[in-house]
Number of protein chains: 2
Amino acid sequence: MKTPASKSTPPPFDRERQYAAKRRAVIFAAGAAFRKQGYHNTSMVEIARSLGLSKAALYYYVKSKEEILYNCHIMVYDAMDISVKAVRGNKGTGLEKLENLYEEFVKLLTRDGLALLADIGGLKGDFKKTVLMRRGKIERAVTRIVIAGMKDGSIAKADPKVTVFFFMGALNWLNLWFEPGGRLSGEEIAQAFVAQMRAGIAGPKP
Amino acid sequence: MKTPASKSTPPPFDRERQYAAKRRAVIFAAGAAFRKQGYHNTSMVEIARSLGLSKAALYYYVKSKEEILYNCHIMVYDAMDISVKAVRGNKGTGLEKLENLYEEFVKLLTRDGLALLADIGGLKGDFKKTVLMRRGKIERAVTRIVIAGMKDGSIAKADPKVTVFFFMGALNWLNLWFEPGGRLSGEEIAQAFVAQMRAGIAGPKP
DNA sequence: AACTCTTTCGACTTCAAAGTCAAGTTTCTT
DNA sequence: AAGAAACTTGACTTTGAAGTCGAAAGAGTT
């Protein structure tokens, strides 16, 4: 926080970085509260207090409550997009790819306080449009893998949409009961979820 | 409340029945809106208008918005309790019982506009306590069946809680994407969900 | 047709929470 | 140490939706 003022190249003390870090902290604190209580049941004052700040201080870092919610959503989708890309290159059957991806998803959601929030109704206009678009993108990517798996025989033939919605539901529900530091670790849940997902859809061809 | 005073039995025109029916209509209309938009994103005025009423007319049938939400929850849990009881008497393995129950659950949620709402944060005090209790009751009933299934070998041994949360998540998520009258009927979804749930957890003993 | 209970309405009040502001304090730079 | 930028504050305004009320229109009964 304090940098030496002497002659050489004093570590730049990047103010932007400081600001960005605090802004991130605000969004994560809010996200954690939204996850547990829901967007509308969490006031800006609560968020502020959880960080030891006053409400107005929050508005130094964010423009509005809606913007916080938007960023909570986008952060998760960004992380998921990365996982999707990572899996794209993989060799293996559709089922294998899906296992890898799903495991990453569970780990994401049980680490770092990232949460798939259901609250999209709290967003308006472009915020809403963008979030729905991003969610659709993830969904389509997963569905594509499932369809590929059905083609190569690693996944049992069925309606792809229903198949996907079934195990994606488990991810969305996860946020409402998972407690970091509870009896079950994210790792354990990831293992169990992947196993159950896999067994649920595995096809005839091994 | 009022019984005909004349000699014969003129059509009773039961006012209580009328009232109860309209009250039910209010709760269902509200439930449908809550399901799609969320509790806090649905105003009383909207609910009223969807029924062709004014806001004040709503308050003739319900005491508060919170009471509506409470009743939406309770109606689902009542219906689920009935399904649980129906399954209790059944013969068969744990897995078979669970299949029957799960199928009933999906059908419930795709019929009659009943919806498992996630919004519990909108409730306070006794309302909240009761809803959480009812939800816990259902969860425990399902978990008990799963544990029995693990004992009789029809369900693969694993952490019962995680096993249950996985497929119950699909039910909760269902509400957010299912559209009555859409491409997929409730029947079809029920078949697909049961199949995927079953395959996901089936044990060694057939 | 008069009477009464049920049902509805428009207009009002209340309330909680989002968002704003002017002025103060702290932290870094020179 | 002075000046500027970053940061924080308590008190204020705004907003949107919940909930209330007195009057009136409708329906069934005699």
Side-chain angles (χ1 to χ4, degrees), chain A residues 1-26 29-30 33-34 37-70 119 121-124 127, chain B residues 1-26 29-30 33-34 37-70 119 121-124 127:
Chain A
M1 203 155 261
K2 183 82 187 311
T3 49
S6 14
K7 45 187 155 191
S8 70
T9 320
F13 189 79
D14 194 336
R15 282 216 152 89
E16 279 184 57
R17 219 176 211 53
Q18 284 276 318
Y19 180 89
K22 288 205 180 177
R23 188 184 143 95
R24 241 178 92 87
V26 167
F34 293 166
Q37 313 178 300
Y39 176 65
H40 288 285
N41 303 310
T42 306
S43 74
M44 291 297 268
V45 175
E46 275 181 88
I47 298 170
R49 238 181 308 202
S50 81
L51 290 160
L53 300 179
S54 74
K55 177 170 54 152
L58 243 52
Y59 284 91
Y60 185 76
Y61 296 106
V62 297
K63 212 178 137 21
S64 70
K65 194 183 179 188
E66 197 185 346
E67 194 211 46
I68 298 182
L69 179 58
Y70 173 74
D119 220 313
L123 296 171
K124 299 189 219 87
F127 279 152
Chain B
M1 202 159 266
K2 184 83 190 311
T3 46
S6 22
K7 42 185 156 186
S8 74
T9 320
F13 190 79
D14 191 338
R15 283 217 154 87
E16 277 185 61
R17 221 177 210 53
Q18 284 276 317
Y19 180 89
K22 287 203 182 180
R23 187 184 143 94
R24 241 178 91 87
V26 167
F34 293 166
Q37 312 178 301
Y39 177 65
H40 289 284
N41 303 310
T42 305
S43 74
M44 291 296 267
V45 176
E46 274 181 89
I47 298 170
R49 239 185 308 212
S50 81
L51 290 160
L53 299 180
S54 74
K55 179 170 51 151
L58 244 51
Y59 282 91
Y60 184 76
Y61 296 104
V62 298
K63 212 176 137 24
S64 70
K65 193 184 179 188
E66 197 184 347
E67 194 210 46
I68 298 182
L69 179 58
Y70 173 75
D119 222 312
L123 296 171
K124 298 189 221 78
F127 279 152

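From a predicted model like this one, the values you see are computed outputs, not experimental measurements. Here is how names work: the chains are called A, B, and so on, in the same order as the sequence lines, proteins then strands, and each is numbered from 1. The analysis underlying the following values was restricted to heavy atoms, covering all of them including side chains, and did not include hydrogens, waters or symmetry mates.
Nearer the 5' end of DNA chain C, as judged by each residue's closest nucleotide, is the contact made by B:Y61, out of B:Y61 and A:K65.
Of the possible donor and acceptor atoms, none in the side chain of A:K55 sits under 3.5 Å from a partner among the backbone N and O of A:S43.
Nucleotide D:dG19 holds its P atom 6 Å from the CE atom of B:M44, rounded to whole Å. Atom P of nucleotide C:dA18 and atom NZ of A:K63 are separated by 15 Å, given to the nearest angstrom. Between the P atom of C:dT27 and the OH atom of A:Y19 lies a distance of 19 Å, rounded to the nearest Å. Between the NZ atom of B:K22 and the P atom of C:dC5 there is a distance of 19 Å, rounded to whole Å.
Nearest to the side chain of A:S43, among D:dT20, C:dA18, C:dG19, sits C:dA18. Nearest to the side-chain atoms of B:Y60 among the listed nucleotides C:dT8, D:dT8, C:dA18 stands C:dT8.
Closest approach of B:T42 to B:Q37, counting heavy atoms only: OG1-OE1, 3.1 Å. Minimum heavy-atom separation, B:L123 to B:Y70: CD2-N, 4.0 Å. A pairwise comparison of heavy atoms in A:V26 and A:I47 identifies O-CG2, 4.4 Å as the closest pair. Contact record, B:E66 with B:K124: OE2-N, 2.7 Å, taken as the closest heavy-atom pair.
A:Y61 contributes atom OH, which lies 7.0 Å from atom CG of A:L53 (distance to the nearest 0.5 angstrom).
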Could you go over nucleotides 9-11 of chain D and give all protein N or O partners under 3.5 Å, atom names and distances?
{"unit_1": "D:dT9", "atom_1": "OP2", "unit_2": "A:S54", "atom_2": "N", "d": "3.0"}
{"unit_1": "D:dT9", "atom_1": "OP2", "unit_2": "A:S54", "atom_2": "OG", "d": "3.4"}

Between protein and nucleotides 14-16 of chain D, what N or O pairs are separated by less than 3.5 Å?
none

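The side-chain contact (heavy atoms from CB on, under 4.5 Å) test with B:F34 singles out one residue from B:D119, B:I68, B:N41, and that residue is B:I68.
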Next item on the list: Let me see the working for A:H40 and B:Y39 under side-chain contact (heavy atoms from CB on, under 4.5 Å), right down to the final yes or no.
Entry: CA-CA 9 Å; A:H40 288 285; B:Y39 177 65; over 6 Å; no
